[in-house]
Each structure stands twice: as structure tokens, then as C-alpha cells.
Amino acid sequence: MNAKTLLDADYITRNERAVIRLFYKDKGIRTVKEIDDFEPYFYAVPDDIDELENEIKNLNKILGTERLEMTDLNKKVAVLKLILNHPKDVPEVREQVKNLENCKEIREADIPFTRRYIIDSGLVPMEDAEDAGLNVCAFDIESYNPHGDCRADRDPILMISYADSKGMEKVITYRTESNKNLIKDMNLDPGVFEFLNNEKEVIQRFIALIREREIDIITSYNGDNFDFPYIRDRSGKYGIKLDLGIDGSEIRSERRGMNLGVKVKGRPHVDMFPVCRQAFNFPRYTLEDVYEGIFGETKPDIEARNIHEYWDSGDAKKFKKLLIYSLSDVTATLRIAETMLPLQYELSRTVRETIYEGSRMSSGQRVEQLLVENAREKKILVPNRPSDSVAKARSRTSYVGGFVVTPKKGIHDNIVLFDFRSLYPSVIISHNIDPSTVNCECCREDKEKYIAPTGQWFCKKNRGFIPEILNKLIAKRVAIKKKLKAETDEDMKKLFDVQQQAVKLIANSFYGYLAFARARWYSKDCAEATTAWGRKYIHKAVDEAEKFGFEVVYGDTDSVFVVLREEGE
DNA sequence: TTCTGTGGCCGTGGGG
DNA sequence: CCCCACGGCCACGGCT
């Protein structure tokens with residue numbers, strides 16, 4: 001309860017200026033810090049910097065310019081930093097500047113304002129979250145579905161279940177003609193099961209609970225695309241504002257790829273469905289399957305499509321089953337959240353992203369975020385995102401094949417799995433694999449360079465940006481593991497373990513990032529060189545293993561399965 | 001209120 | 001005429 005942690009950040013407009021708001025939990029108290037002296041900016045790469053500066057003088061909404069020398073891949077370039085008054089002006093101004101005669105291209109004009117602030121200020125969201133006494137809750141709704149699928153314009157919410165990290169559990173529902181005579185005979189704990197008069201009261205009670213319990217993190221299972229939109233739509237019907245934000249603002253849905261994300265201001269909503277889908281490799285990701293996959297236990301379940309029957313049945317046993325099912329869904333969600341959040345906190349801290357964003361990021365986005373942050377320190381110009389057509393063309397190009405060993409048929413005992421994904425970071429570091437060092441002019445005639453099996457060479461004179469960051473990450477992991485070994489306190493051990501896991505996850509994603517078609521720092525040459533060297537070392541390891549009587553039964557880009565053959569077998 | 005997924009299939013059209 | 005590069009379109013999976 002003694003620490004201060006940054007939960008969320010946004011900006012508002014005051015007197016036509018953007019004001020950043022930082023939502024903290026500080027020694028158990030909510031605080032908001034406002035920053036009113038940070039201005040949006042981006043860079044223009046000129047053909048002729050004097051001419052460009054002249055052209056820009058004719059544009060409105062630019063507060064000022066600054067000449068800077070920055071690095072673009074392996075070249076030094078003079079750029080103009082354009083400082084604006086308000087982030088909303090960026091899209092318009094960047095189009096104008098892009099079209100100026102002396103502007104070659106614009107850079108870093110697509111980094112959202114609050115993210116830019118967090119990067120530039122060095123803030124670490126979720127720092128010390130474990131000591132901030134965060135109140136976490138989970139919620140889940142059941143809705144009426146006599147027509148099969150339920151639709152918020154037609155079918156009411158039947159109950160909202162709630163559970164929080166301080167031990168409160170609730171199923172909030174309402175009396176109807178079919179259940180009113182059952183309730184008193186059901187022997188339910190009135191502290192858990194609340195029967196109100198109607199759906200509207202249920203929603204109001206839910207909102208009140210989030211506020212009264214001073215919830216800091218709201219978790220759900222698919223709340224992004226089901227529960228929150230559903231409650232919001234039903235609230236609208238009754239004229240209730242779903243104002244769960246710490247500042248009294250309503251929840252907001254935003255597009256994130258093909259799905260939605262639901263944002264609650266200052267009280268981050270973390271949806272466990274996308275988190276689990278990314279963290280585990282299960283055939284299905286229903287709450288039931290994920291719960292069983294993680295904990296090895298089944299939970300009480302009823303067929304979702306029959307919920308309306310349980311509600312309408314007028315049968316005490318059936319109705320109770322529905323209540324218990326609803327409660328079990330929310331306690332399962334909370335348990336999953338409590339298991340998954342520590343790593344999510346750490347991943348967010350590692351890439352310095354709010355937990356709302358961090359918990360919804362792909363591994364590629366995490367790597368990219370880390371690179372963008374480090375680029376600033378090193379005065380490196382961040383490459384632009386590829387256009388759709390460039391990304392599509394990239395993903396169409398074929399790659400030199402990975403390491404493949406045709407599976408040996410049969411059932412094998414004593415299988416040992418060698419995972420080579422963890423090999424790639426050291427391959428990248430030790431051969432200085434980077435978009436700025438590949439086939440560099442400075443080493444063209446030089447014998448002293450790293451030459452990949454695929455023919456590309458990598459600079460030995462200048463350290464690449466990506467290998468440097470990766471090296472820092474690996475060093476960080478070694479240091480954490482050292483601390484973990486020496487630690488005796490169980491809580492601290494868990495924290496260190498999560499820290500090293502987060503670093504490992506991100507470090508192991510660098511190779512995939514280089515091959516990722518939408519990456520700013522995409523490099524086919526680098527990706528191919530990495531796997532080619534990787535294959536070389538795998539073959540070496542396999543040959544060694546075979547000398548000692550092991551046999552490779554299956555292999556792919558990432559791993560090799562080896563068995564030990566007995567003498568004479 | 002600067003940012004928006006990804007991969008596969010299929011029809012089209014231009015170049016060899 | 002064939003091939004392939006390109007762009008448009010669709011589905012994916014979870015909640016009830």
C-alpha cells in the first residue's frame with residue numbers, strides 16, 4: 001500500500017491546449033497529475049532543409065521548428081522537428097507537410113500523443129503495482145436468450161456477477177413472476193445473492209459496487225466484445241450512464257483490429273480472453289477450457305443456450321444451478337486474472353505501456369514499442385509503418401526454408417525437446433544482425449565481417465541498434481535470474497520469476513519481429529540470416545548429439561526432438 | 001481526439 | 001496464352 005503506480009493516461013483539451021492526465025494510485029489514494037507543457041511533434045526529412053523551412057513558414061498550426069541531426073538506418077540525416085499546439089492538428093499538418101516540394105518524407109507522425117509522452121518522459125506504467133494495494137475485480141453477465149443468440153435491443157440482462165480481490169462475491173439479479181416464490185426456500189447466502197426489483201437496479205448496483213469498492217483494475221472474460229457492450233446498450237435503454245471512469249466518464253469502445261476494446265478511464269479494463277489466447281496454446285479458449293487448462297479443474301457448467309430455460313423454469317433446483325453457474329464464471333475469471341496479471345504488469349512495465357494497451361498487444365507490437373523507445377535515446381529516426389500494399393507484398397515473398405527433419409514414424413520414448421527459439425536472440429547479438437548493419441558499404445571490401453550462410457554480411461565496425469537492445473535485455477535477464485537464485489522470500493521469488501519470464505518472452509520475439517510484414521524495422525535479409533545461422537548451429541548440435549547415441553526424430557524451425565537409442569536398438 | 005489484425009482465396013490484368 | 005503480382009473480400013472465436 002506504500003507505492004505509487006501509474007494506472008492510466010489520457011489527455012483532455014483545456015483553453016485549446018492538450019493537457020495530459022496521469023492516473024495514479026499513490027499509497028492507497030487515487031491521484032491525477034496533469035501535464036500542460038508537453039507538445040506534439042513529428043519530423044520532416046527534407047530534400048533541402050532551408051527550402052523546406054521556408055515552405056513551412058507558410059503553414060498554420062506549427063508552433064516552431066528545430067533542426068536536428070538524426071540517424072536513419074546507418075546514415076546521418078538532417079531533419080526538421082515540427083512542434084504543434086494540439087494533437088488533433090497532427091493528421092492535417094502531416095498531410096500538408098508530406099506534400100511540400102522539399103519534404104522527402106515525414107516520420108513519427110503516427111505515434112499517439114499520450115504514448116509519445118510516456119516514452120519521452122521516461123515514465124513506467126504499473127511500476128510497483130505489487131505494492132500499491134490494487135483492488136482487482138471481475139464481472140460477468142448472464143442474459144436472456146430464448147431466441148438462441150441474445151441481442152441487447154431485445155433481451156434483458158438476467159444477472160451480473162461480481163468478485164473482487166478483497167474477497168467479496170456477488171450475484172446481482174432480480175425477482176420475476178417465475179422465481180419470486182423460489183427464493184426464500186433456496187437457502188442462499190444473502191450476502192452473496194442479491195435480489196433486486198428489476199434489470200435497471202441490477203445495472204445501477206453494479207456501477208455502485210465498482211465505485212464503493214474503489215476498484216482499480218476491472219477484469220472480464222470477453223468483456224471487450226460482449227459483457228461491456230451489452231451492459232452499455234441495456235443502460236442506454238434505461239437512460240443510465242455507465243460512468244465507471246475515475247473521472248465520472250462513461251466506458252468507451254474503440255476499434256482494435258477486427259475486435260473492440262472497452263476502456264474505462266483511470267480504472268483499466270483487462271480482458272482475460274485476449275490475454276489467455278496469447279499466453280497459451282490451447283485448442284479452444286472458452287472460459288471453461290482455459291480454466292481447466294490452467295488449473296486442471298473443471299468448473300460447474302450449464303449449456304449457455306439453455307440459460308433462458310433455467311431462468312424461466314420456476315424450478316428451484318434449476319434456478320439455483322443458474323445462480324451458481326454465474327458465480328462460478330466470475331470466480332473463475334478472477335482466479336485467471338490473479339494468475340495472469342503479474343506477468344501482464346511486468347510486460348507493460350518492460351515496454352512502458354499502460355496495462356490497458358499492454359494487455360492487448362501482440363508480441364510484435366511489444367518489440368516495436370521497445371524499439372521506438374530506445375530509438376529516441378539514440379537519436380534514431382523511427383521508420384514508418386509499411387503501407388497495406390507493402391506489407392502484403394512482404395508477406396507474399398517466400399523465405400529460405402527453415403530447419404525441417406521429416407518425422408520418423410513410430411512412438412518414441414525418452415524424447416528430449418530442444419527449443420531453438422531461445423537460440424535466435426544470441427544469434428542476432430553475436431552476429432550483429434540489424435537492418436542498419438546488413439550488407440553495409442563500410443565492410444563491402446573488408447574481410448572482417450560476419451558472413452551468413454545465406455550470403456548477407458553484417459558489419460563488425462558499428463554495433464547495430466537491435467543487437468544492442470537485445471543484448472541489454474539478455475543482460476537484464478541474467479541479472480534477474482541471479483537475484484532470483486539468491487532470494488529467499490517467496491513473494492520476491494515470484495516477482496523475479498515473472499520479471500525474467502517477461503524479458504524472455506520479449507527477447508524471443510525479436511526474430512519473429514524482423515520477419516513480421518507490418519514491422520517498422522522489417523528485414524527479410526536479417527530474418528533469413530538469423531534462421532540460417534540458427535540452422536547451422538542446430539545441425540552442429542544434432543551431429544554432436546548423434547555421436548553420443550541420440551537420434552533426431554523430428555525438427556522444425558524452432559525445435560528438435562531427440563531420443564536416446566539404447567545399444568543395439 | 002496522431003495508432004487500428006491477419007492470412008487465404010479468387011478474379012483481374014499486364015507482361016513475358 | 002500462361003503466369004504472377006496485386007487488390008478486394010471474407011472469415012476467424014468468444015460471450016449468451
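We use all heavy atoms of the structure for the numbers below, so side chains are in, but hydrogens, waters and symmetry mates are not. What you are looking at is a predicted structure, and each value in this text was computed from that prediction instead of being measured.
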Exercise for the section: Select base, sugar-phosphate, or nothing to describe what Ile307(A) touches, counting heavy atoms under 4.0 Å on all strands. Expected result: sugar-phosphate

Exercise for the section: Looking only at side-chain atoms of Ser143(A), point me to the closest of dT16(C), dG14(C), dT2(B). Expected result: dT16(C)

Exercise for the section: Flag this pair as yes if the NZ/CZ of Arg335(A) is under 6.0 angstrom from the six-membered ring centre of Phe295(A) and inside a 45 degree cone about the axis; otherwise no. Expected result: yes

Fill in the blank from the handout: To the nearest angstrom, the CD1-P distance between Ile231(A) and dC15(C) comes to 16 Å

Problem - Cation-pi, Tyr162(A) ring and Lys170(A) (6.0 angstrom, 45 degrees) - result: no

Exercise for the section: Please state whether the phosphate of dC3(B), meaning OP1 or OP2, lies under 4.0 angstrom from any side-chain nitrogen or oxygen of Arg255(A). Expected result: no

Practice task
Please state whether the phosphate of dT4(B), meaning OP1 or OP2, lies under 4.0 angstrom from any side-chain nitrogen or oxygen of Arg385(A).
Solution key: yes

Handout entry: Lys299(A) charged N/C atom sitting above Tyr291(A) aromatic ring, 6.0 Å / 45°
Key = no

Practice task
Quote, to the nearest angstrom, the C1' distance that separates dT16(C) from dC3(B).
Solution key: 32 Å

Exercise for the section: Decide if atom CZ of Arg255(A) counts as having more than 12 heavy atoms of other residues, nucleotides or ligands within a radius under 6.0 Å. Expected result: no

Practice task
Ignoring the backbone of Phe226(A), work out which of dT16(C), dG14(C), dG7(C) is nearest its side chain.
Solution key: dT16(C)

Problem - Short side-chain N/O contact from Arg518(A) to OP1 or OP2 of dT6(B), under 4.0 Å - result: yes

Handout entry: More than 12 heavy atoms of other groups within 6.0 Å of Glu297(A) CD
Key = yes

Exercise for the section: Just call it for Arg252(A): base, sugar-phosphate, or nothing, with non-hydrogen atoms closer than 4.0 Å on any strand. Expected result: sugar-phosphate

Problem - Candidate nucleotides dT16(C), dG13(C), dT6(B), ranked by approach to the side chain of Phe516(A) - the nearest - result: dT6(B)

Practice task
Starting at atom CG of Asp110(A), determine the distance to atom C1' of dT4(B), rounded to an integer number of angstrom.
Solution key: 11 Å

Completion exercise
Smallest heavy-atom separation, Pro300(A) atom then Tyr325(A) atom, equals O-CD1, 3.8 Å

Exercise for the section: Using a 4.0 Å heavy-atom cut-off across all strands, classify Leu158(A) as base, sugar-phosphate, or nothing. Expected result: nothing

Practice task
Remember a base hit wins even if backbone is also touched, and classify Gly148(A) as base, sugar-phosphate or nothing at under 4.0 Å, heavy atoms.
Solution key: base

Fill in the blank from the handout: Taking dT2(B), dT6(B), dT1(B) as options, the one with an atom nearest any side-chain atom of Pro40(A) is dT2(B)

Practice task
Test for a donor-acceptor pair under 3.5 Å between the base of dG7(B) and the side chain of Lys392(A), counting only N and O atoms.
Solution key: no

Practice task
Please state whether the phosphate of dT1(B), meaning OP1 or OP2, lies under 4.0 angstrom from any side-chain nitrogen or oxygen of Arg21(A).
Solution key: no

Completion exercise
Walking DNA chain C from its 5' end, the first of Arg305(A) and Arg277(A) to be reached, judged by nearest nucleotide, is Arg277(A)

Exercise for the section: Tell me what Asp329(A) touches on the nucleic acid: a base, only sugar-phosphate, or nothing, going by heavy atoms under 4.0 Å. Expected result: sugar-phosphate

Practice task
For Tyr11(A), report the nucleic acid contact type (base, sugar-phosphate, nothing); a contact means any heavy atom under 4.0 Å.
Solution key: base

Exercise for the section: With heavy atoms under 4.0 Å as the rule, sort Thr13(A) into base, sugar-phosphate or nothing. Expected result: base

Practice task
Name the closest nucleotide to the Asp140(A) side chain, picking from dG14(C), dT16(C), dT1(B).
Solution key: dT16(C)

Problem - Phosphate-side-chain proximity, Tyr325(A) and dT16(C), N/O vs OP1/OP2 below 4.0 Å - result: yes

Exercise for the section: Report which part of the nucleic acid His308(A) touches: base, sugar-phosphate, or nothing (heavy-atom distance under 4.0 Å, all strands). Expected result: nothing

Exercise for the section: Round to a whole Å and report the spacing from OH of Tyr291(A) to P of dG14(C). Expected result: 19 Å

Handout entry: Separation of dG14(C) P from Glu303(A) CD (nearest whole Å)
Key = 15 Å

Practice task
Check Leu334(A) against Ser165(A) and note the closest heavy-atom contact, atom names and distance.
Solution key: CD2-N, 4.2 Å

Exercise for the section: Report the distance from atom NZ of Lys263(A) to atom P of dC3(B), rounded to the nearest whole Å. Expected result: 13 Å

Exercise for the section: With C1' as the reference atom in both, quote the distance from dT4(B) to dC15(C) in angstrom, rounded to an integer. Expected result: 22 Å

Practice task
Compare the minimum distances between each of dT1(B), dT2(B), dC15(C) and the side chain of Arg116(A), then state the nucleotide with the smallest one.
Solution key: dT2(B)

Problem - Between C1' of dC15(C) and CG of Asp233(A), the distance in whole Å - result: 14 Å

Problem - Length of the CZ-P vector between Phe139(A) and dC15(C), whole Å - result: 14 Å

Fill in the blank from the handout: As its Watson-Crick or G-U partner within any shown strand, both distances under 3.5 Å, dG14(C) has none

Exercise for the section: Report which part of the nucleic acid Asn259(A) touches: base, sugar-phosphate, or nothing (heavy-atom distance under 4.0 Å, all strands). Expected result: base

Completion exercise
Taking for Arg396(A) and for Asn145(A) the nucleotide of DNA chain C with the nearest heavy atom, the one nearer the 5' end belongs to Arg396(A)

Practice task
Find the distance Met361(A):CE to dT4(B):P and express it as a whole number of Å.
Solution key: 12 Å

Exercise for the section: Assign Leu84(A) to base, sugar-phosphate, or nothing according to its heavy-atom contacts below 4.0 angstrom with the strands shown. Expected result: nothing

Exercise for the section: Just compare dT1(B), dG13(C), dG5(B) and give me whichever is closest to any side-chain atom of His86(A). Expected result: dT1(B)

Handout entry: Side chain Arg267(A), main chain Ile215(A), donor-acceptor under 3.5 Å
Key = yes

